[in-house]
Amino acid sequence: MPFAGVEAALAGMAVGAAVTLLAMGRRRAPPATATATANGKGTLDAQRQLVEALGSSRDGVALYDSGNRLITCNERYRQLLSPIRDSIVQGARFDDLMAELARVENKDEGWLGRKLSGGGLTDATASEDKFRDGQWITVGAYATNEGGQLRILRDITPRKQAQISLEGTVSWLKGVMDTVVDGIVTIDETGTVLSFNPAAERLFGWSADQVVGRNVNMLMPDPHRAAHDGYIRGYLETGIRKIGSSGREVEGLRRDGTRFPMELAVAEMHQGDMLTFIGVIRDISERKKNEQALLDSKNSLRDQADRLQAIIDNMPQGVAVFAADDALIALNQSAIRMLGLPKAEITPGTIDISLFMALLAANDTPPGRQTAQLTADLAESIRERPEMVFEHFAPSGIIMEVRSSAMPGGGLILSFTDITDRKRTEQTLREAKDEAERGNRAKNTFLANISHELRTPLNAIIGFSEMMKHEIFGPLEPASYRTYVDDIHESGQHLLELINDILDMSKAEAGMTDLMEAAVHVPDLIRVAIRLLSRRADHAGITLAEDLPPALPPLLADERRLRQIILNLGSNAVKFTDEGGSVTIGARASQAGFVITVSDTGIGMTPEELQRVMEPFVQADTRLSRKYEGSGLGLPLTKALVGAHGGTLRLDSEPGGGTTVSVTFPASRIVNSDTSAADI
């Protein structure tokens, strides 16, 4: 602001002139009224001449009479009030000019009231006005002897802009100081604290009011507290710093007396003759904890590594560990012993995985395989597929299972397990399995042959006995032969059923059950089965019943096999139910599948018997004098036929509480399952 001094001088001139005029008016006032009037007119003329003489001033000057009407003003006054320039004429009332200025500049009533208070003298020099064009103006008003006023306007826009800019900079710097996470403390050359930002307050626990003006050594623990002032004096005398701008680790003292590690960087600032030190403080407690934790972790890892080496050295399995760059980093004694290689050849750090695998392959002697092929396979595959298992045949005759596993972050672990005994056991089991399969094939061949040989004469026996039963070629004489013929026919039928069951069981075991699938109406099969079983049930005093919903969807199945399943289960239920009991055959369909159930109130079974009856040729009652006869093929054969349809068979029973057999077929076998299920 180069013109600030000139503006002040001009303002002083104007004020001085006004005061001079007022004094002159007092001295020249005559006692007579006419003379007073003449003198008053002369005073106003002198004031007008003064205002006109100040026309070249940078301040706006205006003179108002006792009625607050404009007597005269310079051009600068009109320029500074340019929004109402045209209204600033001789005789214009000050109130009207201010009202118009308030309207043009959109000022509120409070502003106008302040401008008019005390005839325009009260608010003068007490405020600064900003107009819409960005101009700032301050007003000075002085009363004249005649009751008027002299108003001086000054343009303070440059100074105000500089002030606003400076305030903004100061505000920005204060915002930075208040928001940084590091503590910032400034002190003078005597060690007295000049400023203390919020971060420093949080670090030390003191408020700025409690620290500013006191010696900074209050923030330091002993022995640094007593020596701090000596540090400053030593620096001022020698220029040698204890702490530079790059920072140094020191200790701080909190308000509660606890010490904490901090990083302190110090810079200095010269303002004229004043020297200020700026300290930037960072709490490194967490970092020190992390460093200590890292050191502890490093020591712990070293201890763990030693323990792990001791562990793998005592493992019965051989272990070789390779880093991400394929270098061998660990090898236990079991691996060295099992591989039979000189220790010097496989020292960690002197061999990589390629050479290691080549050494393995060179000593590998698998039956019927060339060493060169094994070498190429291992060297290539171990990199492409880290997770792999292969066998190594040592020259000593030991067979090892070598298992590779990838490590996180790269690297590979090879483990060696002696499987010599296991391989011998596997060979023995393999030979036993082959022998069992040969025996099973021989059994199936025998059953097929013997069944064919038996069915040929049985068909003749059944056919001729049936002709004799119906006396096709004449009556049998004597009549007692008819009973024998019935026995012959029933025995032949029973034997044929047994042979058919054996054949069906053999096919099922071999997975050769042929299914002729079609949409089967299950309720019809259930009713047919009940009708066929009714004679035996009536003879035993057992009640047969059905449990069927009003509508059931068809089931995709082999009708003959499904009839066989229902008859086998129903026959078993009738066989093992005492007189007075009941057997119920039912079915239902849902989204879970198609279920056929056969429930009885018979003798029931224990959990052990439930497992045993599912084996071929086994019955729950294994005594030679058992009460219930049969081949023991009913349930196993039924389970096999259900399995051929993709279904499951479940037994629920308890001794004396009856048995419930549930056969569940997949929902995919329900024909039009969505529509049918909705009707159920």
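On a predicted model such as this, the values are computed, not experimentally measured, just so you know.
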Within-4.5 Å side-chain heavy-atom neighbours: Ile281 and Asp182: no

Candidate pair Ile278 and Val266, rule side-chain contact (heavy atoms from CB on, under 4.5 Å), full reasoning: CA-CA 6 Å; Ile278 303 171; Val266 177; over 6 Å; no

Residue pair Ile137 / Leu153: nearest heavy atoms and the distance that separates them: CG2-CB, 4.1 Å

Side-chain heavy-atom pair Pro261, Glu249 within 4.5 angstrom cut-off: no

Expected output: side-chain Asp65 to main-chain Gly148 donor-acceptor under 3.5 Å: no

Asp188 side chain to Leu275 backbone, donor-acceptor under 3.5 Å: no

Lys/Arg N to Asp/Glu carboxylate O, Lys160 vs Glu128, below 4.0 Å: yes

Reported CZ-to-CG distance for the pair Arg154 and Leu80, which is rounded to 0.5 angstrom: 11.0 Å

Donor on one side chain, acceptor on other, Glu201 and Asn197, under 3.5 Å: no

Cationic N near anionic O, under 4.0 Å, Glu100 to Arg93: no

Step-by-step side-chain contact (heavy atoms from CB on, under 4.5 Å) determination, Leu194 to Ile187: CA-CA 5 Å; Leu194 302 177; Ile187 63 174; 5.5 Å; no

CA sep, side-chain torsions, deciding dist, call: Tyr64, Leu97, side-chain contact (heavy atoms from CB on, under 4.5 Å): CA-CA 12 Å; Tyr64 291 85; Leu97 292 176; 3.5 Å; yes

Gap separating the CZ atom of Phe594 from the CG atom of Leu556, nearest 0.5 angstrom: 11.5 Å

Any donor-acceptor N or O pair under 3.5 Å, side chains Ser195, Thr186: yes

Over-ring placement of Arg254 relative to Phe260, 6.0 Å and 45° cut-offs: yes

Residue pair Ser87 / Ala92: nearest heavy atoms and the distance that separates them: O-CB, 3.6 Å

Point-to-point distance, once rounded to the nearest 0.5 Å, from CG of Asn290 to OG of Ser297: 11.5 Å

Inter-residue atom distance Ile670.CD1 - Leu555.CG, 0.5 Å rounding: 7.5 Å

Counterpart residues, side-chain hydrogen bond (donor to acceptor under 3.5 Å, both in side chains), relative to Arg103 (two or more places apart): none

Within-4.5 Å side-chain heavy-atom neighbours: Tyr142 and Ile152: yes

Glu251 (side chain) donor-acceptor with Met262 (main chain) under 3.5 angstrom: no

Met218 side chain near Phe204 side chain, heavy-atom distance below 4.5 Å: no

Least distance between heavy atoms, Glu189 atom then Phe277 atom: CA-CE1, 4.0 Å

Whether over 12 other heavy atoms sit under 6.0 Å from Arg78 CZ: yes

Heavy-atom side-chain proximity of Leu253 to Leu219 below 4.5 angstrom: no

Residue pair Val104 / Pro83: nearest heavy atoms and the distance that separates them: CG1-CB, 3.8 Å

Verdict with reasoning, Glu263 to Arg287, per side-chain contact (heavy atoms from CB on, under 4.5 Å): CA-CA 11 Å; Glu263 189 174 72; Arg287 190 180 78 187; 3.7 Å; yes

Any donor-acceptor N or O pair under 3.5 Å, side chains Arg159, Gln161: no

Flag for Ser207-Gln210: side-chain donor and acceptor within less than 3.5 Å: yes

Asp129 bridged to Lys115 by N-O distance under 4.0 Å: yes

Donor-acceptor contact below 3.5 Å, side chain Asp95 vs main chain Met98: no

Closest approach of Pro553 to Val671 (non-hydrogen atoms, all atoms of both residues): CB-O, 3.7 Å

Distance, nearest 0.5 Å, that separates CZ of Phe322 from CD1 of Ile329: 9.5 Å

Donor-acceptor contact present, side-chain Arg69 to main-chain Gly91, <3.5 Å: yes

Side chain to side chain, Leu116 and Leu112, heavy atoms closer than 4.5 Å: yes

Polar side-chain atom of Arg151 near backbone of Gly120 as donor-acceptor pair, under 3.5 Å: yes

Counterpart residues, side-chain hydrogen bond (donor to acceptor under 3.5 Å, both in side chains), relative to Thr157 (two or more places apart): Asp155

Heavy-atom check, side chain of Phe131 versus side chain of Trp136, under 4.5 Å: no

Validation row: Met220, Val250 side chains within 4.5 angstrom (heavy atoms): no

Gap between atom CG of Asp59 and atom OG1 of Thr138 - 0.5 Å precision: 10.0 Å

Residue pair Ala320 / Leu328: nearest heavy atoms and the distance that separates them: CB-CD1, 4.2 Å

